[in-house]
Visitor: 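If you scroll down you'll find the structure; I have some questions about it.
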There are 2 protein chains.
Amino acid sequence: MPKVFAERSDVIPALGEIFREYGFAGASLSEITERTGLGKGSLYHFFPNGKNEMAEAVLNEIDTWFNENVFAPLRESEDAVSSIRLMFNEVNRYFKSGKRICLVGAFALDHTRDHFSEKVCNYFKIWMNSLTTALKRNGLAKKDAKEIAEEVVGGIQGALVLARSQDDPKIFVRAMKRLEKRIMELIGE
Amino acid sequence: MPKVFAERSDVIPALGEIFREYGFAGASLSEITERTGLGKGSLYHFFPNGKNEMAEAVLNEIDTWFNENVFAPLRESEDAVSSIRLMFNEVNRYFKSGKRICLVGAFALDHTRDHFSEKVCNYFKIWMNSLTTALKRNGLAKKDAKEIAEEVVGGIQGALVLARSQDDPKIFVRAMKRLEKRIMELIGE
DNA sequence: TCTTGATTGTACTGATTGGTACAATATATA
DNA sequence: TATATATTGTACCAATCAGTACAATCAAGA
């Protein structure tokens, strides 16, 4: 029997990539054991509830990452403009300039959503609310801020779909530039 | 043994809804037999290549529908403005005002795309090209027209993801209004 | 060293997967 | 009516599915 002990947190990124690639239903345990290098024994030791618990762990990690690196700055930074610029930079980095899709968006589309509806719903809701807060801090009316936030978050998701459909990440990069420019014009920067 | 004979084309819409709901990997044959009311015998009689051929038939129907109702008018109508208005109307109708997702977009995200890459790629490509043509006919420079087309088609996809994530079709309706308005402003209507 | 608990591989389960075979039935044509 | 073809239900298949059981192994503390 093997030597090195893994940590639960070590596997989560790999699980994320597998779910991105195959979707929740399409990600089989055999694929998971193969790609993570962990046998079923370890897998069910770390995630007693199986695939569901694995997906939940991945969603939690995504949640934490975005809260720390994107949402919190949007809500709390005194310099709203630079927190918005930060958002575009970090989001671009996270999605690897369009080479990576949004797992939450993918889960949202089919009935996987129903298993994780709260997390899926909140991810986008908090993103939009945080961006709205930053925009209001820059003098936009609440209604306008909400509409722009919806447009930007939606635009990012759509660009990820489009980029992947054409196998052309530049579509995503272009969309990000366009959206950032529009926001900056609106808040007069 | 039963009486009424079905037609291949009768099942395709039902297949479409099943794939929308469960994704390609998640749509099991037992679910398909149940929801279509057809046994495996009939199913494999109409689609000898199984699930793959079913999905292809669905994609073909989508392709035909959009070509007839959206893409061809955009490319061929003499009145480009009304062909763009028609696009928004028909697209809104097709996606049931945000209550229905885009199957092609869903297929694009995970590795299902690889099985149908040409169809997935062309659906969006032809959509964007057709819209670009209509915009150029209205005096927009080629580069601008292409960029707006990318923004609009992407924006629609993103709005579908967002609307479904929040279980709120109005998000889609708002996005459609916003995008139509922006296009109309750009071409001076 | 001895013990304890965390980690792991292997073997196994019953259920479900996509798919095939084929006989029975229905419709259409002659 | 007789025949040919299209359609269908059922039984079946091997492969794979998610998940369980458990003994073997490890690291660390007493």
Side-chain angles (χ1 to χ4, degrees), chain A residues 1-59 61 103 106-107 110-116, chain B residues 1-59 61 103 106-107 110-116:
Chain A
M1 315 260 154
K3 22 225 140 169
V4 193
F5 282 16
E7 290 222 18
R8 199 185 119 110
S9 58
D10 291 341
V11 231
I12 296 181
L15 290 173
E17 296 314 314
I18 297 169
F19 285 131
R20 267 176 244 273
E21 201 165 321
Y22 293 94
F24 182 72
S28 68
L29 278 188
S30 66
E31 184 74 29
I32 293 173
T33 56
E34 201 172 304
R35 292 263 293 261
T36 60
L38 289 186
K40 288 189 177 186
S42 310
L43 242 22
Y44 277 86
H45 175 70
F46 291 129
F47 309 96
N49 227 327
K51 234 166 53 150
N52 262 280
E53 196 169 346
M54 298 179 207
E56 236 163 60
V58 171
L59 289 176
E61 212 196 41
L103 183 63
F107 277 11
D110 62 28
H111 92 310
T112 306
R113 198 203 81 114
D114 305 338
H115 297 170
F116 310 102
Chain B
M1 315 259 155
K3 25 223 136 176
V4 192
F5 281 17
E7 290 223 17
R8 198 185 119 109
S9 57
D10 291 341
V11 232
I12 297 181
L15 290 174
E17 296 313 314
I18 296 169
F19 286 131
R20 266 177 244 273
E21 201 165 319
Y22 294 94
F24 182 72
S28 68
L29 278 189
S30 66
E31 183 75 30
I32 292 173
T33 56
E34 200 172 303
R35 292 263 293 262
T36 60
L38 290 184
K40 288 189 177 184
S42 310
L43 242 21
Y44 276 84
H45 175 68
F46 291 130
F47 309 96
N49 228 327
K51 235 167 50 150
N52 263 280
E53 195 169 347
M54 299 179 207
E56 237 162 59
V58 171
L59 289 175
E61 212 195 40
L103 183 63
F107 277 10
D110 63 28
H111 91 309
T112 306
R113 197 204 81 116
D114 305 338
H115 298 169
F116 309 102

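Chain naming here is simple, since letters A, B, ... match the order of the sequence lines and numbering starts at 1 in each.
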Visitor: When the distance from CZ of A:Phe47 to P of C:dA6 is rounded to whole Å, what number comes out?
Guide: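 After rounding, the reported distance stands at 16 Å.
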
Visitor: Can you check the A:Asp10 CG to C:dT7 P distance for me, whole Å?
Guide: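 These atoms are roughly 11 Å apart.
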
Visitor: Find out whether B:Met54 and B:Phe19 are in side-chain contact, i.e. whether some heavy atom of one side chain is under 4.5 Å from a heavy atom of the other.
Guide: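 B:Met54 vs B:Phe19: side chains touch.
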
Visitor: Mark yes or no for whether A:Asn52, through its side chain, and A:Asn49, through its backbone, hold a donor-acceptor pair below 3.5 Å.
Guide: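 No, A:Asn52 side chain to A:Asn49 backbone: no donor-acceptor pair under 3.5 Å.
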
Visitor: Could you tell me whether A:Ala27 contacts a base, only the sugar-phosphate backbone, or nothing, with contacts defined as non-hydrogen atoms closer than 4.0 Å?
Guide: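 Sugar-phosphate: the residue A:Ala27, judged by heavy atoms under 4.0 Å, touches backbone atoms but no base.
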
Visitor: Mind calculating the distance between CD (A:Glu53) and C1' (D:dA18) to the nearest angstrom?
Guide: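 Going from CD in A:Glu53 over to C1' in D:dA18 covers 14 Å.
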
Visitor: Using whole Å, what does the distance between atom P of nucleotide D:dA15 and atom CD of A:Glu31 come to?
Guide: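 It works out to 19 Å between those atoms.
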
Visitor: Thinking salt bridges, do A:Glu21 and A:Arg35 make one under a 4.0 Å N-O criterion?
Guide: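 Answer for the salt bridge query: yes.
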
Visitor: Does B:Arg8 come within less than 4.0 Å of B:Glu53, counting only side-chain N to carboxylate O?
Guide: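 Yes, B:Arg8 and B:Glu53 are salt-bridged.
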
Visitor: Atom CG of B:Leu43 to atom C1' of D:dG9: distance rounded to whole Å?
Guide: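 About 13 Å, once rounded to whole Å.
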
Visitor: How long is the straight-line distance from CD1 of A:Ile32 back to CG of A:Leu38, given to the nearest 0.5 Å?
Guide: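 CD1 of A:Ile32 is found 10.5 Å from CG of A:Leu38.
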
Visitor: From CD1 of A:Ile32 over to C1' of C:dG9, roughly how many Å is that when rounded to an integer?
Guide: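 Rounded to whole Å, this separation is 18 Å.
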
Visitor: Less than 4.0 angstrom between a side-chain N/O of A:Ser28 and OP1 or OP2 of D:dT16, yes or no?
Guide: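 For D:dT16, neither OP1 nor OP2 has a side-chain N or O of A:Ser28 closer than 4.0 Å.
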
Visitor: Give me the distances for all protein-to-nucleotides 19-21 of chain C N/O pairs that come in under 3.5 Å?
Guide:
residue, atom, partner, partner atom, Å
C:dG19, OP2, B:Tyr44, OH, 2.7
C:dG19, OP2, B:Lys51, N, 3.4
C:dG19, O5', B:Tyr44, OH, 3.2
C:dG19, N7, B:Lys40, NZ, 3.0
C:dG19, O6, B:Lys40, NZ, 2.3

Visitor: Atom CZ of B:Phe46 to atom P of C:dG18: distance rounded to whole Å?
Guide: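 Checked: the CZ to P distance equals 20 Å.
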
Visitor: Quick one: is A:His45 getting a side-chain N or O under 4.0 Å of the C:dT8 phosphate, OP1 or OP2?
Guide: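 False: A:His45 side-chain N/O out of range (4.0 Å or more) of C:dT8 OP1/OP2.
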
Visitor: Tell me whether the rings of A:Phe107 and A:Phe116 are parallel (<30°), tilted (30 to 60°) or perpendicular (>60°).
Guide: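 Judged by the thresholds at 30° and 60°, the geometry between A:Phe107 and A:Phe116 is parallel.
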
Visitor: Is the shortest side-chain N/O distance from B:Ser30 to OP1 or OP2 of C:dT16 below 4.0 Å?
Guide: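 Looking at the OP1 and OP2 atoms of C:dT16, neither is under 4.0 Å from any side-chain N or O of B:Ser30.
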
Visitor: Measure from CD on A:Glu7 to C1' on D:dA27 and round the result to the nearest Å.
Guide: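 The distance from CD of A:Glu7 to C1' of D:dA27 comes to 13 Å, rounded to the nearest Å.
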
Visitor: Between A:Arg20 and B:Asp110, is a side-chain contact (heavy atoms from CB on, under 4.5 Å) present by the stated rule, with each step listed?
Guide: CA-CA 6 Å; A:Arg20 267 176 244 273; B:Asp110 63 28; over 6 Å; no

